[in-house]
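Heads up, the thing below is written out as structure tokens.
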Amino acid sequence: MKKSRLDYCFLTCSKAAIISIILIAIIASVSCSSALYTPSESQQTASASLAQLQEGRKLYVQKCGSCHTLYLPEKYTKLQWQQFLNEMQQKASIDNLEKEQILKYVSKGL
Ligand code: HEC
């Protein structure tokens, strides 16, 4: 009797653990892939065309994600992004033009 109760507990507990691991994995993958905005026409500004925003996103993903996760554009102000980009320029070996394009993307063309 005692043993079967233990077995039952083990089964339900591990089932719950497996389900939560799966749920966490799904939530993590969904939030990761949708979090980094994909520029649309309505997001163009006076200083950033759709093509520039798209190019900026491409460069950001290519050049900035190899050492750490890609920080969300919303996380920092334009001024902070400018400072980080200056610090990261050498690490990412990007030229000034690429830096400007990434800045346009992460600061949402502001
Ligand atoms: C060669 C590795 C490397 C590459 C490539 C790289 N980074 Fe970094 N990044 C780091 C390291 C290491 C730190 C943390 C230490 C530091 O602040 O210098 C960091 C920190 C940061 C931070 C600071 C986070 C905080 O809260 O302090 C930001 C923002 C950032 N990187 C953005 C970028 C951007 C944008 C690019 C692309 C242009 C980039 N990184 C490319 C290595 C890299």
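Indexing begins at 1, ligand by ligand and atom by atom, following the structure's order.
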Any N or O of Tyr76 closer than 3.5 Å to N or O of ligand 1: yes

Just need the protein heavy atom nearest to [atom], so name the residue and atom and give the distance.
| atom | result |
| --- | --- |
| atom 37 (C) of ligand 1 | Cys64 SG, 1.8 Å |
| atom 23 (C) of ligand 1 | Phe84 CE2, 3.4 Å |
| atom 7 (N) of ligand 1 | His68 NE2, 2.8 Å |
| atom 2 (C) of ligand 1 | Cys67 SG, 1.8 Å |
| atom 14 (C) of ligand 1 | Met88 CE, 5.0 Å |
| atom 22 (C) of ligand 1 | Tyr71 CE1, 3.7 Å |

Give the numbers and elements of all ligand 1 atoms closer than 4.0 Å to a heavy atom of [X].
| X | result |
| --- | --- |
| Ile94 | 38 (C) |
| Ser66 | 5 (C) |
| Tyr60 | 35 (C) |

Do Leu110 and Lys104 come close enough that some side-chain heavy atom pair is under 4.5 Å? no

Could you check whether any side-chain heavy atom of Glu100 comes within less than 4.5 Å of a side-chain heavy atom of Asn96, counting everything from C-beta outward? no

side-chain contact (heavy atoms from CB on, under 4.5 Å) for Lys78 and Leu103? Distances and angles first, verdict last. CA-CA 8 Å; Lys78 184 179 182 181; Leu103 180 65; 4.1 Å; yes

Aromatic ring proximity, centroids under 6.0 angstrom, Tyr71 and Phe84: no

Nearest neighbour of atom 42 (C) of ligand 1 from the list Gln90, Gln62, Lys91, on a heavy-atom basis: Lys91

Aromatic rings Tyr60 and Tyr105: how do their planes relate, parallel, tilted or perpendicular, breaks at 30° and 60°? tilted

In terms of side-chain heavy atoms, does Asp95 have a donor or acceptor partner in Gln89 at a distance below 3.5 Å? no

Between CG of Leu50 and CD of Gln44, what distance do you get to the nearest 0.5 Å? 5.0 Å

When every non-hydrogen atom of Ser93 is compared with those of Glu98, the smallest separation belongs to O-OE1, 4.3 Å

